[in-house]
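Only one structure is covered here, and it is reproduced in the block below.
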Protein chains: 2
Amino acid sequence: MDHIDRSLLARLQQDATQSYAALGQAVGLSAGAAHERVRKLRERGVIRRTTAEVDPAALGSGVLAYVMVESSAWMGESADAFAALPEVLEAHVIAGSASVLVKVRTATTEQLQDVLRRLYAIDGVSGTQATVVLETFFERPVDPTAV
Amino acid sequence: MDHIDRSLLARLQQDATQSYAALGQAVGLSAGAAHERVRKLRERGVIRRTTAEVDPAALGSGVLAYVMVESSAWMGESADAFAALPEVLEAHVIAGSASVLVKVRTATTEQLQDVLRRLYAIDGVSGTQATVVLETFFERPVDPTAV
DNA sequence: CCTTCTGGCCGAAGAGCATTCGGCACCTCG
DNA sequence: CGAGGTGCCGAATGCTCTTCGGCCAGAAGG
């Protein structure tokens, strides 16, 4: 995992459709060598998958909110309960007064309210505190060249 | 944008490396027709880009935190100031007591503290409240088939 | 009703690319 | 010194992307 690998990762984050020839030229390697490095990055799990990034607004999910979920019990085994709600895009166990933080996308605020209702229905959940996003400045992946 | 487009999006989210032949077969189209649909989805901006998903832990960013940023001024034009910090992966203007919510990844809690210091240095920022993530249940993209 | 136009699909063909392989250079360790 | 391992190059082959002409169905308009 040297600076060449990091550069390859950064370029694949920007555009995973480019050819290995172009990729290799950008970092000073042949197409075969670039391919081999990328193959190993996948094998080691550094590259989890290559995916199409879809615009949420195009799918009708115009409302973004973060919800602090308070609980009266240990939530460490509740991942599946949160994953069962398709509108929940992220779920994290956090330190602090709440116990779980979730990221939610819905089409309308009415649907957001419905998600809150379903969150309440999860075992151990005793309260929620929603924060609605007014404008997103940016969302981006980790920078492999900056770490 | 019918159910075939949504199915194509869902499959491309899971694996953007598969061939158009496989993609077409999965939705009952020829390779050429599948390619044409995907091309238009890109053209319309529904597919923003195709990207390699990198494991943050592999890059040494093992600490994830959400930071509520309080401000004493209008922050609507401060996107660039937040984008200048590479550790800041998301920045949103929010409704509520704080005014900006940012997502931060660093290698250590010491570096997190340094990011907080740099956040304070942004014009108009009057306070921060960091929430450290103990365990991430999951992070996933929007589900095109569920909306 | 019939014509015309548009949009989407199929199937084929050519160009371009991914993937593999042998060979070579370099480094490390016995 | 020699053996093993690693990483790279350059070429070959097989597959894929990409484009194109032709076809069909449905809409629009006379």
Side-chain angles (χ1 to χ4, degrees), chain A residues 1-62 107 141-147, chain B residues 1-62 107 141-147:
Chain A
M1 174 66 90
D2 55 7
H3 76 101
I4 294 183
D5 281 332
R6 293 179 189 278
S7 178
L8 288 173
L9 288 174
R11 286 169 194 281
L12 285 175
Q13 279 181 340
Q14 285 185 317
D15 178 14
T17 68
Q18 63 194 301
S19 71
Y20 287 110
L23 215 48
Q25 194 172 10
V27 300
L29 287 182
S30 72
H35 183 268
E36 178 67 10
R37 277 180 179 257
V38 173
R39 192 190 61 75
K40 286 183 181 169
L41 286 171
R42 283 188 217 280
E43 193 179 81
R44 277 186 279 157
V46 178
I47 297 178
R48 287 208 185 115
R49 60 178 174 177
T50 116
T51 178
E53 193 179 299
V54 176
D55 179 11
L59 295 177
S61 291
V142 281
D143 184 355
T145 63
V147 185
Chain B
M1 174 65 91
D2 56 7
H3 76 102
I4 293 181
D5 282 331
R6 293 179 190 280
S7 178
L8 287 173
L9 288 175
R11 287 170 193 280
L12 285 175
Q13 277 181 340
Q14 286 185 317
D15 177 14
T17 68
Q18 64 193 302
S19 72
Y20 287 110
L23 215 48
Q25 194 173 11
V27 300
L29 288 181
S30 72
H35 182 266
E36 178 67 9
R37 277 180 178 258
V38 173
R39 193 190 60 77
K40 287 183 181 171
L41 286 171
R42 281 188 218 280
E43 192 179 79
R44 276 187 279 158
V46 177
I47 297 177
R48 288 206 184 117
R49 60 179 174 178
T50 115
T51 179
E53 194 178 298
V54 176
D55 181 9
L59 295 177
S61 290
V142 282
D143 183 355
T145 64
V147 186

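What you see is a predicted model; the values in this text were computed from it and never measured. What's counted below: heavy atoms across the whole structure, side chains too, no hydrogens, waters or symmetry copies. Order of the sequence lines fixes the chain letters, A, B, ..., with proteins taken first and strands second; residue numbering starts at 1 for each chain.
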Can you see which heavy atom on A:P144 is nearest to which on B:L59, and at what distance? CA-CD1, 3.7 Å
With distance as the sole test, does A:T50 use its side chain to make a donor-acceptor pair with the main-chain N or O of B:A52 at under 3.5 Å? no
First contact, last contact: which nucleotides of DNA chain D are these for chain A, 5' to 3', heavy-atom distance under 4.0 Å? D:dG7 to D:dC9
Any side-chain to backbone donor/acceptor pair from A:R48 onto B:D55? Under 3.5 Å, distance only. no
Which part of the nucleic acid does A:R37 contact within heavy-atom distance under 4.0 Å: base, sugar-phosphate only, or nothing? sugar-phosphate
Pair A:D15 + B:R49: basic N to acidic O under 4.0 Å: no
Should A:E36 and A:R39 count as an ion pair when the cut-off is N to O under 4.0 Å? yes
How close do B:V46 and A:A58 get, heavy atom to heavy atom, and via which atoms? CG2-CB, 3.9 Å
A:Q18 atom CD: more than 12 heavy-atom contacts under 6.0 Å: yes
Is A:R11 close to A:V27 at the side-chain level, that is, under 4.5 Å between some pair of heavy atoms? yes
Go through DNA chain C in 5' to 3' direction and return only the first and the last nucleotide with some atom under 4.0 Å of chain B's heavy atoms. C:dG8 to C:dC10
